[in-house]
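The structure under discussion appears below in the form of structure tokens.
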Amino acid sequence: MSHGPISDRDVHANAAARTGPAAAIDRGLAILNNIIVVFAAIALVAACAILSYSVLSRALFKAANYWQDEAAVFLLVGATFMTAAYVQQNRGHIGIEAFVGLLSPLANKIRLWLVDAVTLLFCAFFTWKSWTLAHEAYVDGQVSNSMWSPPLAIPYSLMALGMSLLCIQILVQLALPFTGAKRS
């Protein structure tokens, strides 16, 4: 497993310094992803605060909590899916890199491109299903099965938007090598 920079991750500045549509989209996504990460961090802190309040209010005051668990879950779903493109942009996913040292540089480039292409296919399907769920939840007025009953279109829309950004990020990463940029 690899958690740090490897040969396919170490030249992100090269792609960002290039001109052209793919590089411009890459730079725009980088800015958007950094903004999203800030809001996701705030969402995680808010989820922690909400859950802590929930535990304390139940333990100390025997208060009923109808909204805390769902609010925390919605925040966590949003933070997780909305930051997926950031993780992909920085190649922060955990990958098994057993073949990197065994394959030639050209074979590694092909392997990485094929992995990204297959990942894009899966993510595109997941994105399509997420948008379908979000649309159905919105049109049908679906709500969660609790007393608070928040609309389910909220988490489904966050999933769909996050997966859409992830697909765009993967598309850019697939396109950049064809523009002369090194993989980022």
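Below, all heavy atoms of this structure are taken into account, side chains as well, without hydrogens, waters or symmetry copies.
Counting heavy-atom neighbours within 6.0 Å of N145 CG, excluding the residue itself, gives a total of 12 or less.
L51 CG to L76 CG: the interatomic distance, rounded to the nearest 0.5 Å, is 7.0 Å. Rounded to the nearest 0.5 Å, atoms CH2 (W67) and OG (S149) are 15.5 Å apart. The CG atom of L75 lies 10.5 Å from the OG1 atom of T80; values are rounded to the nearest 0.5 Å. Considering OG of S104 and CZ of R111, their distance stands at 11.0 Å, rounded to 0.5 Å. Within the model, atoms CH2 of W131 and NE2 of H135 stand 11.0 Å from one another, a figure rounded to the nearest 0.5 Å. Between the CZ atom in F122 and the SG atom in C167 there is a gap of 10.0 Å [rounded to 0.5 Å].
The nearest pair of heavy atoms linking I170 to C123 is CD1-SG, 4.1 Å. Here the closest heavy-atom approach between residue I50 and residue A71 is recorded as CD1-CB, 4.1 Å. In terms of heavy atoms, G162 sits closest to M82 at N-SD, 3.6 Å. Minimum heavy-atom separation, E70 to P150: OE1-CD, 3.4 Å. The two residues A79 and T83 make their nearest non-hydrogen contact at O-OG1, 2.6 Å. Pairing each heavy atom of L174 with each of A117, the nearest pair is CD2-N, 3.9 Å.
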side-chain contact (heavy atoms from CB on, under 4.5 Å) assessment of Y86 paired with N90: CA-CA 6 Å; Y86 175 84; N90 293 298; 3.3 Å; yes
The test is side-chain contact (heavy atoms from CB on, under 4.5 Å); show your working for L120 and D116 and say whether it passes. CA-CA 6 Å; L120 177 63; D116 281 349; over 6 Å; no
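Looking only at distances, a side-chain donor or acceptor of T127 sits under 3.5 Å from a matching main-chain atom of M163. A donor-acceptor pair under 3.5 Å is absent between the side-chain atoms of D26 and the main chain of A22, judged by distance alone. In this structure, the side chain of Q173 engages the main chain of Q88 through a donor-acceptor pair within 3.5 Å.
The hydrophobic clustering, which links ILVMFWY residues whose side-chain heavy atoms are closer than 4.5 Å, places I31 and F39 together. When hydrophobic clusters are built by joining Ile, Leu, Val, Met, Phe, Trp and Tyr residues whose side-chain heavy atoms come closer than 4.5 Å, directly or via intermediates, I36 is not grouped with L44. Cluster membership for F81 and V73, using ILVMFWY side-chain heavy atoms within less than 4.5 angstrom, is shared. In the hydrophobic clustering of this structure, L176 does not group with V87; members are Ile, Leu, Val, Met, Phe, Trp, Tyr whose side-chain heavy atoms approach within less than 4.5 Å, directly or through other members. There is a path of hydrophobic side-chain contacts, each under 4.5 Å, that joins L114 to L171.
Side-chain contact, N33 with Q89: a donor N or O sits under 3.5 Å from an acceptor N or O.
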Could you go through residues 151-161 and list every donor-acceptor pair under 3.5 Å that involves a side-chain atom there, pairing it with any protein atom two or more places apart or in another chain?
unit_1	atom_1	unit_2	atom_2	d
S157	OG	A153	O	2.6

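Ring geometry, W113 versus F178: the interplanar angle exceeds 60°, so the pair is classed perpendicular (tilted spans 30 to 60°).
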